[in-house]
S.K.: 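Mind looking over this structure? Questions follow.
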Amino acid sequence: MTKLKISDYLNPLDRFGSVGRVHSIFEHSFNIKIGSQLVNITNHSDYLSSFGIYLPNELFSQVITFISENSLVKIHADQLHFYSYQGIITVNLQAAVTSHLRVESGTVTETAALMLKNQLEALQLENQIGLMIEAETETFFAQMKQADEKETNATQLCAYFIGRGRGLTPSGDDILVAYLTMLRVLGSEGAVIDFKTALELSTRTTTDVSAAYLDAALNGYVNSYVYDLLQNLEHQSVSQIETQIKKIMSIGHTSGKDMLFGMLLALEKQV
């Protein structure tokens, strides 16, 4: 039996609060909100969100058929208690395996970055992303590629991309999440700090799910597919990298392609 898994971004879970609510429910996952932190709970054994928990199918089915939106959730140490008119279901996370999803600064070498850049360029990602490409969009993309940090205005970029696009995670947000992540692993901590400041001051709004991904990315946390691609990138073969890229491309309708394009923009800036 596959064990429960939890992103290291969430440990310890009770630091976010002791009471939460079911935020949203989908076919293969649901989100709970504890304080200001969203937690994604899924039965997808191969993929884990940066702020995710994996439950095996049987346990996941028990919980998702038991809850409804706004159902009460209580957090006590390593336990989640789900409440409904039917009673209480408890999920014990004490034995959950911690999934390490934090990428560290400067861990991708120039050689590995160039190899990834070449593969992403071949995909012609700009034609596959979820944003409508207008003249203004192209101008901002060009700015994101500028090697000179003075030419990259984080405030302007956040004002333009945050919340831009449709869906649970708008394309503009997905691009920024991956762009920030790639800048981090390439060692551009100064640029990441600039974006963190810009995001904190931004008046643009986006979905709760997208905001959670942005917050996680600013702290170096990514989903498991992106982590598997970037971790030890220089030791992966071309075919292994292709496999990881295909996994990322499968995320959402265009989210995976948006993220890969965001990575490419950062690579074109730095490599």
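Because only heavy atoms are used, hydrogens play no part in the values below, and waters and symmetry mates are left out as well, while side chains stay in.
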S.K.: My understanding is that only residues two or more places apart in sequence, or in another chain, count here; which of them pass ring pair (Phe, Tyr, Trp, His ring centres under 6.0 Å) with Tyr227?
M.R.: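 Tyr227 satisfies ring pair (Phe, Tyr, Trp, His ring centres under 6.0 Å) with no residue once adjacent residues are dropped.
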S.K.: Which heavy atom of Ser71 sits nearest to which heavy atom of Tyr83, and what is that distance?
M.R.: CB-O, 3.5 Å
S.K.: If I take atom CG from residue Asp228 and atom CG from residue Leu233, how far apart are they, to the nearest 0.5 angstrom?
M.R.: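 Separation between the atoms: 11.5 Å.
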S.K.: With rounding to the nearest 0.5 angstrom, report the CD to OG1 distance, Gln86 to Thr65.
M.R.: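 That separation rounds to 7.0 Å.
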S.K.: Taking the six-membered ring for Trp, is the centroid-to-centroid distance between Phe141 and Phe161 below 6.0 Å?
M.R.: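 Centroid distance Phe141-Phe161: below 6.0 Å, so yes.
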S.K.: Hey, what do you get for CZ (Arg204) to OH (Tyr160), rounding to the nearest 0.5 Å?
M.R.: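 Taking CZ in Arg204 and OH in Tyr160, the distance rounds to 9.5 Å.
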S.K.: Check whether the side chains of Asp8 and Thr98 place a donor and an acceptor atom closer than 3.5 Å, and report yes or no.
M.R.: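 Side chains of Asp8 and Thr98: no pair found under 3.5 Å.
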S.K.: Given Thr169, which of Thr206, Thr207, Asp174, Thr254 fulfils the side chain to side chain donor-acceptor pair (under 3.5 Å) condition?
M.R.: Asp174
S.K.: Identify the heavy atoms of Gly17 and Ile75 that sit nearest to each other, and give their distance.
M.R.: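 Taking Gly17 first and Ile75 second, the nearest heavy atoms are O-CB, 3.8 Å.
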S.K.: Membership question, hydrophobic clusters at under 4.5 Å side-chain separation (ILVMFWY): are Leu214 and Ile193 in the same one?
M.R.: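 Per the 4.5 Å side-chain linkage, Ile193 and Leu214 are not co-clustered.
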S.K.: For residues His28 and Thr42, is any side-chain donor paired with an opposing acceptor at under 3.5 Å?
M.R.: no
S.K.: Run the side chain to side chain contact (heavy atoms under 4.5 Å, CB included) test on Ile32 and His23 for me, step by step, so that the C-alpha distance in whole Å, both residues' side-chain angles and the decisive distance to 0.1 Å come before the verdict.
M.R.: CA-CA 5 Å; Ile32 62 174; His23 175 276; 5.8 Å; no
S.K.: After noting the C-alpha distance and the side-chain angles of Ile133 and Glu138, does the key distance pass the side chain to side chain contact (heavy atoms under 4.5 Å, CB included) rule?
M.R.: CA-CA 7 Å; Ile133 309 297; Glu138 293 283 14; 3.3 Å; yes
S.K.: Which heavy atom in Cys158 sits nearest to a heavy atom in Leu176, and how many Å separate them?
M.R.: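 Heavy atoms of Cys158 and Leu176 come nearest at CA-CD1, 4.4 Å.
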S.K.: If you round to the nearest 0.5 Å, how far is CG of Asn11 from OG of Ser7?
M.R.: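 Answer rounded to 0.5 Å: 7.5 Å.
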S.K.: Tell me every residue that passes salt bridge (Lys or Arg N to Asp or Glu O under 4.0 Å) with Lys117, counting only those two or more places apart in sequence or in another chain.
M.R.: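 Checked Lys117 against salt bridge (Lys or Arg N to Asp or Glu O under 4.0 Å); zero matches.
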S.K.: Is the backbone N or O of Ala159 less than 3.5 Å from a side-chain atom of Arg164, with the two atoms forming a donor-acceptor pair by type?
M.R.: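 Flag not set: sc Arg164 to bb Ala159 has no pair under 3.5 Å.
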S.K.: How long is the straight-line distance from NZ of Lys269 back to OG1 of Thr152, given to the nearest 0.5 Å?
M.R.: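 Rounded to the nearest 0.5 Å, the OG1-NZ separation comes to 3.0 Å.
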S.K.: Run the side chain to side chain contact (heavy atoms under 4.5 Å, CB included) check on Phe82 and Val91 step by step: do they pass?
M.R.: CA-CA 8 Å; Phe82 294 92; Val91 173; 3.8 Å; yes
S.K.: For a quick test of reading the model, state the closest non-hydrogen atom pair linking Phe30 to Val63 and the distance between them.
M.R.: CZ-CG1, 3.6 Å
S.K.: I need the minimum non-hydrogen distance between Val22 and Ile25, along with the two atoms involved.
M.R.: CG1-CG1, 3.8 Å
S.K.: What's the separation between atom OG in Ser99 and atom CG in Asn223, rounded to the nearest 0.5 Å?
M.R.: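 Here the interatomic distance stands at 11.5 Å.
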S.K.: So, Ser239 and Ser237: side-chain donor and acceptor under 3.5 Å apart, yes or no?
M.R.: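 On atom types as modelled, these side chains qualify, holding a pair under 3.5 Å.
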S.K.: For Tyr54, which residues count as a ring pair (Phe, Tyr, Trp, His ring centres under 6.0 Å) partner, sequence neighbours excluded?
M.R.: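 None.
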S.K.: What's the shortest heavy-atom distance between Arg21 and Asn70, and which atoms?
M.R.: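 For Arg21 versus Asn70, the nearest heavy atoms are NH1-O, 2.9 Å.
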S.K.: Ignoring hydrogens and geometry beyond distance, is a side-chain donor-acceptor pair present between Asp173 and Ser210 at under 3.5 Å?
M.R.: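 Yes, Ser210 and Asp173 have a side-chain donor paired with an acceptor closer than 3.5 Å.
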S.K.: Are Met259 and Met132 co-members of a hydrophobic cluster defined by side-chain heavy atoms under 4.5 Å apart?
M.R.: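 Different clusters: Met132 never reaches Met259 through Ile, Leu, Val, Met, Phe, Trp or Tyr contacts under 4.5 Å.
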S.K.: Would you say the side-chain atoms of Tyr225 and Asp46 include a donor-acceptor pair closer than 3.5 Å?
M.R.: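 Distance-only check passes for Tyr225 and Asp46.
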